[in-house]
Amino acid sequence: LTDVNVVWFLQQLILFNIIYAFACGVEWAPKIKCPSLLSFYGIGLALCVVAVILGFFLPIDDTVLGVPFFWKMYPSYVLFFFGGALAQVNNWMDEIKNKNRFIIYGVAVVSTIAFGFTYVYATYVYPIPCLSAGIAILPAIPVSLAITVFLDRKSTRLNSSHANISYAVF
């Protein structure tokens with residue numbers, strides 16, 4: 001478990017699936033409305049704050065259970081996996097694809113540019129490891145939403161049976 005190299009991601013997916021199977025079961029289907037874009041971005045900012053706080057107390061580049069940068073990235077992995085399960089159960093994709101894609105793409109671009117400038121500053125100009133850890137999470141949700149909307153639009157045009165690809169990305 002400590003030297004898993006590149007298969008750590010598959011190991012974690014298997015772990016999350018086992019937890020999902022036992023904790024949630026087959027009949028698990030809570031009805032949760034799709035969050036607004038503002039809520040999605042708020043969740044992203046909350047992940048940044050969590051990474052910064054964890055960075056104050058724990059080594060951000062630590063590898064735990066074979067997962068690199070465990071304390072910085074793991075909360076987002078858990079959120080994305082179980083958030084994707086909620087999205088699938090509640091058909092969030094139907095609502096997400098009807099949201100303004102230009103806002104989604106714009107926020108993804110702006111957050112990526114903001115990430116680039118602030119990460120360089122927090123890493124090289126005035127090094128604050130815990131701050132750079134939080135900034136690294138900044139574009140995660142906006143970029144994930146943009147890719148999801150893009151793939152959904154492309155898969156719908158190509159063949160509606162490929163639309164499930166978007167849930168895997170989300």
Side-chain angles (χ1 to χ4, degrees), residues 8-9 12-13 15-16 19-20 24 30-62 64 67-155 163-170:
W8 67 265
F9 187 73
Q12 293 308 304
L13 285 177
L15 175 67
F16 291 160
I19 292 169
Y20 180 85
C24 303
K31 297 297 178 206
I32 299 176
K33 185 180 171 202
C34 181
S36 68
L37 290 178
L38 194 57
S39 296
F40 276 121
Y41 302 140
I43 292 167
L45 286 175
L47 281 174
C48 290
V49 170
V50 167
V52 169
I53 291 170
L54 288 175
F56 275 122
F57 302 106
L58 302 164
I60 59 170
D61 59 349
D62 202 11
V64 177
V67 179
F69 305 105
F70 183 86
W71 302 110
K72 174 171 84 171
M73 301 300 291
Y74 207 72
S76 64
Y77 298 153
V78 173
L79 180 76
F80 285 176
F81 181 85
F82 289 99
L86 281 173
Q88 175 72 33
V89 167
N90 290 290
N91 295 317
W92 286 1
M93 193 51 103
D94 294 336
E95 291 184 48
I96 290 173
K97 68 182 177 185
N98 293 326
K99 295 185 186 297
N100 188 325
R101 72 176 194 265
F102 296 110
I103 291 174
I104 292 171
Y105 295 154
V107 172
V109 168
V110 168
S111 68
T112 302
I113 291 169
F115 158 73
F117 285 119
T118 55
Y119 188 77
V120 167
Y121 183 79
T123 304
Y124 301 109
V125 177
Y126 188 70
I128 305 171
C130 61
L131 184 59
S132 64
I135 292 168
I137 306 295
L138 180 66
I141 287 183
V143 170
S144 295
L145 278 174
I147 291 170
T148 300
V149 168
F150 177 79
L151 287 179
D152 183 68
R153 291 179 61 79
K154 293 298 179 190
S155 67
N164 284 334
I165 293 170
S166 299
Y167 281 114
V169 171
F170 187 69

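Source: prediction; values computed, not measured. The figures that follow rest on heavy atoms only: side chains count, while hydrogens, waters and symmetry mates do not.
- To the nearest 0.5 angstrom, Phe40 atom CZ is 14.0 Å from Leu45 atom CG.
- Cys48 contributes atom SG, which lies 4.5 Å from atom CG of Leu138 (distance to the nearest 0.5 angstrom).
- For the pair Lys31 and Asn90, the minimum side-chain heavy-atom distance is below 4.5 Å.
- Using a 4.5 Å heavy-atom threshold, the side chains of Ile137 and Phe115 count as separate.
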(message) If you apply the rule side chain to side chain contact (heavy atoms under 4.5 Å, CB included), what do you find for Phe82 with Leu86, and how did you get there?
(response) CA-CA 6 Å; Phe82 289 99; Leu86 281 173; over 6 Å; no

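- Panel note: side chain Asn91, backbone Asp94; no donor-acceptor pair is recorded below 3.5 Å.
- Put simply, the side chain of Phe57 does not reach to within 4.5 Å of the side chain of Trp71, judged on heavy atoms.
- Within the 4.5 Å cutoff, side-chain heavy atoms of Met93 are placed close to those of Thr148.
- Rounding to the nearest 0.5 angstrom, the gap separating the CD1 atom in Ile104 from the CG atom in Leu37 is 5.0 Å.
- Using a distance-only test at 3.5 Å, with no hydrogens or angles considered, a donor-acceptor pair links the side chain of Trp92 to the main chain of Ile32.
- Nearest heavy-atom pair, Pro142 versus Ala108, reported as atom, atom and distance to 0.1 Å: O-CB, 3.6 Å.
- Between the CG atom in Leu47 and the CE atom in Met73 there is a gap of 9.5 Å [rounded to 0.5 Å].
- Distance check: Leu13 CG to Tyr20 OH gives 14.0 Å after rounding to the nearest 0.5 Å.
- Taking OH of Tyr77 as the start and CZ of Phe80 as the end, the distance is 9.5 Å to the nearest 0.5 Å.
- Tyr74 meets the ring pair (Phe, Tyr, Trp, His ring centres under 6.0 Å) test with Phe16, Phe70; sequence neighbours excluded.
- In terms of heavy atoms, Lys99 sits closest to Cys34 at CE-SG, 4.0 Å.
- Of the candidates Ile53, Val52, Leu54, Val50 forms a side-chain contact (heavy atoms from CB on, under 4.5 Å) with just one, namely Leu54.
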